[in-house]
Amino acid sequence: MVKLRLKRCGKKQRAFYRIVAIDVRSRREGRDLRKVGFYDPIKNQTYLNIPVILYFLEKGAQPTGTVQDISKRAGVFREFCLNQQTKFN
């Protein structure tokens with residue numbers, strides 16, 4: 001199973017996070033399948049590769065709570081729902 005979760009990067013006290021698609025059994029800094037964005041809580045910056053995130057969500061990837069909150073703010077799930085509705089119509 002694949003999850004979308006945060007991977008910690010940066011120095012001590014200056015952390016930023018990559019949002020990655022990673023196997024559930026891997027550890028936090030383990031080898032990721034694909035980088036799909038980043039989140040910097042200090043500067044409050046976020047970058048998301050929305051088409052890639054939508055691809056992994058369609059394949060059944062589960063986002064963690066924090067990634068889900070970040071994605072909601074960016075409107076990823078709104079697009080995901082619209083894509084799902086157009087496929088079934």
Handout entry: Ile50 reachable from Ile19 in the ILVMFWY side-chain graph, under 4.5 Å edges
Key = yes
Completion exercise
When every non-hydrogen atom of Cys9 is compared with those of Arg18, the smallest separation belongs to SG-NH1, 3.8 Å
Practice task
Kindly work out whether a path of hydrophobic side-chain contacts (I/L/V/M/F/W/Y, heavy atoms less than 4.5 Å apart) joins Tyr47 to Leu54.
Solution key: no
Handout entry: Partners meeting side-chain contact (heavy atoms from CB on, under 4.5 Å) with Arg8 (sequence neighbours left out)
Key = Ala15, Tyr17, Arg28, Glu29
Practice task
To the nearest 0.5 Å, tell me how far Lys3 NZ sits from Leu33 CG.
Solution key: 14.0 Å
Handout entry: Shortest non-hydrogen contact from Met1 toward Asp23
Key = O-OD1, 3.0 Å
Practice task
Give every residue pair that meets the salt bridge (charged side-chain N to carboxylate O under 4.0 Å, His left out) criterion with at least one member in residues 31-54, sequence neighbours excluded.
Solution key: Lys7-Asp32
Exercise for the section: Establish whether Phe16 and Tyr39 are linked, either directly or via other cluster members, by ILVMFWY side-chain heavy-atom contacts under 4.5 Å. Expected result: no
Exercise for the section: Sort out for me which residue in Leu57, Val20, Ile22 forms a side chain to side chain contact (heavy atoms under 4.5 Å, CB included) with Leu4. Expected result: Leu57
Handout entry: Phe56 side chain near Val36 side chain, heavy-atom distance below 4.5 Å
Key = yes
Exercise for the section: Drop me the distance from Leu48's CG to Ser71's OG, to the nearest 0.5 angstrom. Expected result: 5.5 Å
Handout entry: Note, Val24 side chain near Val2 side chain (heavy atom, < 4.5 Å)
Key = no
Practice task
Report the distance from atom CD of Gln68 to atom OG1 of Thr66, rounding to the nearest 0.5 Å.
Solution key: 10.0 Å
